Amino acid sequence: MGSSSRSHKRQKVDHVDDSTAEIVAEQSEESLKSHPHPTTESSMIHHDQGEFKNITRHKTTAEQGETLENGPINPFTGNKFTDRYFSILKTRRDLPVHYQRQEFLNIFHSSQIMVFVGETGSGKTTQIPQFVLYDEIPHLINKQVACTQPRRVAAMSVAARVADELDVKLGEEVGYSIRFENKTSPKTILKYMTDGMLLREAMEDHNLNKYSCIILDEAHERTLATDILMGLIKQVSKRRKDLKIIIMSATLDAEKFQNYFNDAPLLAVPGRTHPVEIYYTPEYQKDYLDAAIRTVLQIHATEPEGDILLFLTGEEEIEDACKKISLEGDELVREQGCGQVKVYPLYGSLPPHQQQKIFEPAPTSNNPNRPGRKVVISTNIAETSLTIDGIVYVVDPGFSKQKVYNPRVRVESLLVSPISKASAQQRAGRAGRTRPGKCFRLYTEEAFRKELIEQSYPEILRSNLSSTVLELKKLGIDDLVHFDFMDPPAPETMMRALEELNYLQCLNDDGDLTSLGRLASQFPLDPILAVMLIGSSGFECSEEILTIVAMLSVPNVFVRPISARKRADEAKMQFAQPDGDHLTLINVYEAFLEDHGDLSPHQWCRENFLSYRSLTSAKNVRNQLYRLMEKYDLPIVSNYGEIPDAKYWENIKKALIGGFFMQVAKKKSNNKNYLTIKDNQDVMIHPSTILSKEGEWVIYNEFVLTSKNYIRTCTIVKPEWLVEIAPKYYNLDHFQKGDVKLSLERVISKVESKRNSK
Ligand code: CDP
Ligand code: MG
C-alpha cells in the first residue's frame with residue numbers, strides 16, 4: 001500500500017456522520033445548564049441546592065400510575081398511545097414485579113435507599129424505572145432517572161425496549177449513554193447507561209445533580225464501576241437527601257448490599273421460575289466447544305419444543321459455533337426431517353440491530369414432533385443482563401472470559417476461566433423462565449461441587465486500578481485508603497496504580513492530581529492512552545496518535561477467518577509498516593478513508609480482510625477524541641509529507657513511548673524470546689505481528705496470557721528514546737541487576753557523553 005497517497009490535511013472531523021454521538025464530558029457540562037423542559041413552580045427550585053428539602057415529592061399509588069398508563073394520552077409526550085403500546089402493556093402487566101408495584105412504591109416513598117432483588121426476567125430492569133417515572137413525572141421537576149448496566153449491549157437493548165413500552169422514540173424521552181455513544185436528547189427523562197458512564201458524569205458533577213433517582217442495576221455483577229459508584233452514591237446520599245437510590249440485583253447477596261447501605265430495606269420479588277432439571281456429563285470434556293455443538297444438535301433432534309441457549313466465551317468462538325450449528329442443523333432438516341433451526345449470536349460488540357434479532361420468534365413447523373427452534377449463542381450477557389423468552393434448554397460448558405490482574409507483574413488479561421457456582425445456577429435458571437426446562441452442564445457433578453468457587457470475585461479485586469484511582473482523585477476522593485469500598489482492593493494493587501499514575505505524571509509525588517492528570521481524566525481512555533494523546537502534539541503527530549488510539553479502542557480490525565488465514569495474512573501485509581504494529585494501524589485507517597473506486601467501503605473491507613464495523617467505529621471514536629482535543633486546545637498537527645519519512649515515523653514512535661514507556665520488552669541475547677523490563681517476564685511477540693525484523697527493544701500494547709506469554713501489537717523503538725522521554729521511570733536505581741539494566745547503563749552513558757560533547 002502506498003502510504004504516499006494519503007493526505008492528513010483532508011482529515012477534518014466529520015460532523016455529519018455521527019450526529020447522535022456526543023462527548024461524555026460535554027454532556028456532563030450540559031447538566032449544569034438549565035433544562036429546556038416546561039417548568040413548574042417547584043422546578044425553579046432545583047438549581048439552588050440549599051432548597052432541595054423544600055421539594056415535596058409526589059407520592060402516588062400503583063393505581064394512579066396504572067390509570068395513567070391506561071391512557072389514552074401518553075403523559076410524557078401528550079400523544080395518543082398507539083395500539084402497539086397497549087399490546088405490550090398487556091404483557092407487562094403479567095410480569096412478577098407488576099404485582100408488587102404498590103409495595104415497591106411504599107418502600108420507595110419511605111426510604112432514601114432500597115435494595116430490590118428478583119429473578120432474572122421478573123421485570124426489574126424494564127419496569128422499575130417506569131414505576132419511578134410514573135411516580136415522579138420527573139420532567140416536572142427538571143430531573144432525570146438513571147438506570148445503570150454493566151454492559152453496553154444491555155443498556156442499548158433495554159433502552160430500545162423501554163422506549164417501545166413507553167411509546168416514545170428511542171433517544172428522546174428514553175435514551176442511553178455508553179462510552180463513545182450518547183443517544184439522549186434534552187427531552188430525555190429516563191437514561192439507561194453503563195455504570196462507567198455514570199462514573200464519568202460524577203467526575204464533572206460530584207452530586208449527580210441532574211438525577212432525582214439512580215438505579216444501580218445488576219449490582220450482583222460487582223463490576224469495578226458499580227463498586228465505585230456504590231461507594232460514591234453512599235456519600236452523595238448524605239449530601240443530597242432528595243436523591244433516591246435503588247440497588248437492583250439478581251437474587252444473590254441481597255444482605256450484603258443491605259448492610260453496606262446502612263440496613264436499607266429490601267423488596268424481593270418472588271420468582272416465578274419453573275423447575276429445571278440439571279444434567280452433568282459423566283466425564284471431563286476435553287473440547288468443550290465441540291461438546292457444546294454436539295449437545296445443541298442432539299437437543300434439537302430429540303427434545304420437544306423450546307429454544308436453546310448456549311453459553312460460550314467470546315465473539316470468535318460464538319461466530320464459529322453459529323456457523324457450524326447452522327450448517328449441521330440444515331443437514332438435520334434434510335436428512336432426518338427435523339424442524340428448522342435459526343441460530344443467533346449475542347455478544348458485546350454486536351451491532352444493535354443484530355442484537356435485537358434474538359427476540360424474534362422461533363421458526364414454525366407443521367409437525368409438532370419436529371419443532372422449529374431458535375438457538376441463541378451468547379456470552380455472559382444472557383446470564384442476567386438480557387432475558388430471552390422461550391428458552392427451555394440451556395447448554396453450559398462452564399466457562400467465561402474473565403479479567404485477571406497480577407499486580408506483581410502488572411499484567412491484566414482476559415482469560416477463559418471456570419465460572420462460579422452462582423453463575424452456573426443463574427445459567428441453569430434461564431431454562432425455567434416460561435416452563436419447566438433442562439440444563440446440560442458439560443462438566444461432571446464432582447467438578448461442579450469441588451472445583452467451582454461459590455461466587456465470582458468482584459472485579460475490583462482483579463483489575464489494574466490506574467483508571468479507577470485517577471477517577472477517584474478527580475471525584476475529589478483523596479484518601480483512597482479510607483474510601484468505603486464494599487470490598488477493598490489489595491493494597492499492592494492500589495500501590496501499583498498510584499505508582500503508575502506517578503510515572504505518567506498524572507499524580508505528583510504527594511499523590512495529588514496534577515494538571516496533566518486532570519486533563520487526562522477528561523478523556524474516556526485508559527490513562528496511558530490519554531497521556532500519550534495529550535503529549536503527541538509535542539511530537540508533531542497528534543493526528544497520527546489520534547488514529548492509533550482510536551484503532552486501539554475498538555475491536556480488532558483485522559479479520560482472519562479459519563478458512564482463509566493465508567489470504568488474510570497476505571492482505572494484512574499490504575498495510576504493514578515494517579517496524580511497527582501500531583504504525584500499521586495508521587496505514588490501515590488511512591487506506592480505509594481513501595476512495596475505493598467502484599467498491600463500497602464495505603466491499604473494500606471484505607476484500608482486504610478488515611472489519612468494516614470496527615473501522616467505522618474507530619472513525620467515530622476518532623472524531624470524538626478529536627473534538628475533545630479541540631475543546632482543551634491541544635494542537636492537532638501532522639508532519640506528513642513535510643519531513644523525511646524516517647523522521648516522520650520516528651516522531652510517532654517517540655509519541656507512543658510517551659504513553660507506553662512502562663510496556664517495553666527487550667530481546668534476550670541468542671534467543672527469540674523477549675524479557676519485559678522491570679518485571680522480567682519471559683514473553684514472545686504474538687504471531688499476529690507484522691514485524692518483519694526483530695527489534696532489540698519493543699513497546700507493546702498488551703500482554704496476552706495463553707499457554708504462552710505473548711505481547712501483542714508491538715513497535716520497535718530505540719532505547720535512548722526511552723531514557724530521554726521517561727527519565728524518571730528509567731532511573732536505573734529501580735532496576736534489578738541483569739541484561740536489561742546493563743544495556744540501559746550503556747545507553748545512558750552514550751546519551752550522556754553525546755550531550756557532554758555538544
Ligand atoms: O431485569 P429483569 O431480568 O428482572 O427483567 P427485564 O429485563 O425487565 O425483562 C422483563 C421482560 O421484558 C422479559 O421477560 C421480556 O419478556 C421483556 N423484554 C423484551 O421483550 N425485550 C427486551 N429487549 C427486554 C425485555
Ligand atoms: Mg435486568
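Atoms within a ligand are numbered from 1 in the order they appear, just like the ligands themselves. In this text, all values refer to a predicted model and were calculated from it rather than measured experimentally.
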Nearest neighbour in protein (non-hydrogen) for atom 23 (N) of ligand 1: Phe359 CZ, 3.2 Å
Over 60° means perpendicular and under 30° means parallel, so classify the ring planes of Tyr443 and Tyr280, tilted if in between. perpendicular
Ligand 1 contact on Asp389 by region, counting heavy-atom pairs under 4.0 Å: side chain
Where the closest heavy atom to atom 19 (C) of ligand 1 is concerned, which of Gln149, Arg161, Gln127 has it? Arg161
Could an N or O of ligand 1 be found under 3.5 Å from any N or O of Thr125, whether backbone or side chain? yes
From Ser157, Ala159, Gly123 - option closest to atom 10 (C) of ligand 1 by heavy atom: Gly123
Give a yes-or-no answer on whether the side chains of Arg462 and Gln402 include a donor-acceptor pair shorter than 3.5 Å. no
Among all protein heavy atoms, pick the one closest to atom 14 (O) of ligand 1 and tell me residue, atom and distance. Arg433 NH2, 2.6 Å
For Leu350, does its backbone N or O pair with a side-chain atom of Gln355 as donor and acceptor, under 3.5 Å? yes
Under 2.8 Å from the Mg ion (ligand 2), is there any N, O or S atom belonging to Thr125? yes
Report the nearest protein non-hydrogen atom to atom 9 (O) of ligand 1: residue, atom name, distance rounded to 0.1 Å. Thr126 OG1, 4.0 Å
May I ask whether Glu119 has any heavy atom positioned less than 4.0 angstrom from an atom of ligand 1? yes
Between Tyr279 and Lys438, what is the shortest heavy-atom contact and its length? OH-CE, 3.6 Å
Given Arg151, which partner from the list Val158, Asn380, Leu386 fulfils the side-chain contact (heavy atoms from CB on, under 4.5 Å) test? Asn380
For ligand 1, which is the ligand I care about here, please tell me if Lys124 has any N or O atom under 3.5 Å from one of the ligand's N or O atoms. yes
Identify, for atom 3 (O) of ligand 1, the protein heavy atom at the shortest distance, and state residue, atom and that distance. Gly121 N, 2.6 Å
Rounded at 0.5 Å granularity, tell me how far CG in Leu243 sits from NZ in Lys143. 8.5 Å
Which residue and atom name correspond to the protein heavy atom nearest atom 11 (C) of ligand 1, and how close is it? Leu95 CD2, 3.9 Å
Would the distance check show the side chain of Thr82 and the main-chain N or O of Tyr85 forming a donor-acceptor pair, the cut-off being under 3.5 Å? yes
For Gln356 and ligand 1, does the shortest N/O to N/O distance drop below 3.5 Å? no
Return the orientation label for the Phe116 and Phe104 ring planes: parallel under 30°, perpendicular over 60°, tilted otherwise. perpendicular
Ignoring hydrogens and geometry, is there a side-chain-to-backbone donor-acceptor pair from Asn367 to Asn369 under 3.5 Å? yes
With a 4.0 Å cut-off on heavy atoms, does Val158 reach ligand 1? no
Validation row: Gln149, Asp195 side chains within 4.5 angstrom (heavy atoms): no
In ligand 1, which numbered atoms sit nearer than 4.0 Å to a non-hydrogen atom of Thr120? 3 (O)
